[in-house]
Amino acid sequence: MIKWVGALIGFFLRGLSGAILGFFAGSVLDGLFGSNNQGARTVFSDFTRQSVSPADFELNLLSLCSIVIKADGQVSQSEMDYVRQYFVSTYGKEKANAIFRTFNEINKKREISAQHICNFLTQRTRYEVRLQLLHFLFGIAQADGRVTNPEINKIREIARYLRVSLSDFESIMAMFIKSADNAYKILEIEKSASNEEVKKAYRTMAKKYHPDRVNTQNEAIKNGAEEKFKQVQLAYETIQKERGIG
């Protein structure tokens, strides 16, 4: 309601530009004083974010794949096959080959910059989509049977450029690199957490990684969301059995 009052006042004071500023300022106030604090963030996102076109997304995704494949200084055939299989299964052989050709032409003309690509995607994709991007990149790294330290470091760098939190990065990494405390890392809690904290963490993570939150037509991202959601459920079930939580 405040945003419309602000727009009206702004219009009388400064015309159309004043109305726009008044609407934006009112939207922020609506978010701050409304029933929840999501309003200001949503309005800000609406003013600053654009959707990325499928063609741009495909080429940027392929660029990130290339960076991860080359991270350990070896171009693994199994990792290459993992990426090619995804593009062929998603777009068909003919279109996949066209995407690869376009990528190769662009790659010859300029060096691939992870920071440049991530800045582009960060401005145009939702946070949930960027989480699934990391999941897909870890899947590539694991395609040859192991995730090396250089690959981890490169994906960590990409995560930083994508503005993904450290806790979210470690949660995704725990789904690919097994350790005794993986279930806790996936839920982003300490092993000393109480049963109630475990339940709360599960609800939070299940909501964060639910496939319905990933609004995209890209199959790799959709599949990643489904896989991560299963991993969150499995982590909770593991802790439930360990602690006897009902």
Side-chain angles (χ1 to χ4, degrees), residues 31-32 34-46 48-52 57 60-61 64 68 118-119 121-142 147 152 155-179 181-243 245:
L32 291 173
S35 59
N36 58 62
N37 287 335
Q38 296 299 312
R41 182 175 63 83
T42 302
V43 169
F44 183 74
S45 297
D46 288 343
T48 60
R49 298 215 171 178
Q50 307 169 18
S51 60
V52 59
F57 186 86
N60 281 287
L61 174 60
L64 292 179
V68 171
C118 293
N119 286 343
L121 292 174
T122 299
Q123 294 171 10
R124 293 165 175 80
T125 58
R126 295 173 59 211
Y127 189 76
E128 291 82 5
V129 172
R130 301 200 298 278
L131 291 179
Q132 305 315 325
L133 271 174
L134 291 183
H135 189 276
F136 183 61
L137 294 178
F138 266 112
I140 295 170
Q142 194 190 48
V147 183
I152 293 172
I155 299 175
R156 181 184 284 111
E157 178 187 339
I158 290 171
R160 188 169 66 251
Y161 290 146
L162 289 174
R163 299 180 188 175
V164 170
S165 71
L166 180 60
S167 58
D168 280 333
F169 169 78
E170 291 181 342
S171 172
I172 296 170
M173 183 171 65
M175 298 179 186
F176 294 89
I177 303 172
K178 303 304 179 185
S179 71
D181 298 334
N182 261 20
Y184 292 93
K185 288 180 180 178
I186 290 172
L187 294 186
E188 298 183 8
I189 53 175
E190 298 293 331
K191 198 168 184 178
S192 58
S194 67
N195 288 351
E196 284 305 311
E197 289 172 329
V198 170
K199 293 178 182 178
K200 182 179 178 181
Y202 167 68
R203 289 193 296 268
T204 300
M205 297 299 286
K207 183 178 179 181
K208 179 190 291 186
Y209 291 127
H210 197 284
D212 288 348
R213 291 182 64 84
V214 183
N215 184 21
T216 177
Q217 298 301 312
N218 188 278
E219 288 300 319
I221 305 305
K222 283 184 178 180
N223 294 339
E226 292 171 2
E227 178 61 27
K228 286 179 94 295
F229 188 64
K230 290 176 185 176
Q231 291 279 357
V232 167
Q233 290 178 309
L234 181 61
Y236 181 59
E237 290 170 5
T238 299
I239 297 175
Q240 274 185 310
K241 292 177 182 177
E242 179 187 300
R243 296 189 175 200
I245 300 175

Between atom CE of M205 and atom CD of Q233, what is the distance when rounded to the nearest 0.5 Å? 12.5 Å
Report yes if some heavy atom in the side chain of E197 is under 4.5 Å from a heavy atom in the side chain of K200; otherwise report no. no
Do T238 side-chain atoms and L234 backbone N/O form a donor-acceptor pair below 3.5 Å? yes
Across all chains, not counting sequence neighbours, the salt bridge (Lys or Arg N to Asp or Glu O under 4.0 Å) partners of E237 are none
N/O donor-acceptor pair under 3.5 Å between N182 side chain and I177 backbone: yes
Can you find a pair of side-chain heavy atoms, one from F57 and one from L133, that are under 4.5 Å apart? yes
Any heavy-atom pair between the side chains of V232 and K208 that's under 4.5 Å? no
Any side-chain heavy-atom pair from F136 and L61 closer than 4.5 angstrom? yes
At their closest point, which heavy atom of S171 faces which heavy atom of E188, and how far apart are they? CB-OE2, 3.6 Å
Donor-acceptor under 3.5 Å (Q231 side chain, I186 main chain): no
Distance col, row I155:CD1 vs L162:CG, nearest 0.5 angstrom, shows 11.0 Å
Calculate, to the nearest 0.5 Å, the distance between atoms NZ and CD1 belonging to K185 and I172 respectively. 14.5 Å
Identify, with sequence neighbours excluded, every residue that meets side chain to side chain contact (heavy atoms under 4.5 Å, CB included) alongside R243. Y184, N195, V198, I239, I245
Taking the side chain as every heavy atom from C-beta outward, state whether V164 and Y127 have any pair of such atoms under 4.5 Å apart. yes
Do Y161 and E157 have side chains that get closer than 4.5 Å, going by heavy atoms? yes
For residues H135 and F176, report the shortest heavy-atom separation together with the two atoms involved. O-CZ, 3.4 Å
State whether the side chain of R130 and the backbone N or O of L121 hold a donor-acceptor pair below 3.5 Å, judged by distance alone. no
So do the side chains of F169 and M173 get within less than 4.5 Å of each other, counting heavy atoms only? yes
Going from OG on S165 to CG on L131, what distance comes out if it is rounded to the nearest 0.5 angstrom? 7.5 Å
Gap separating the CG atom of D168 from the NZ atom of K228, nearest 0.5 angstrom: 7.0 Å
How many angstroms lie between atom NZ of K230 and atom CE of M175, to the nearest 0.5 angstrom? 12.5 Å
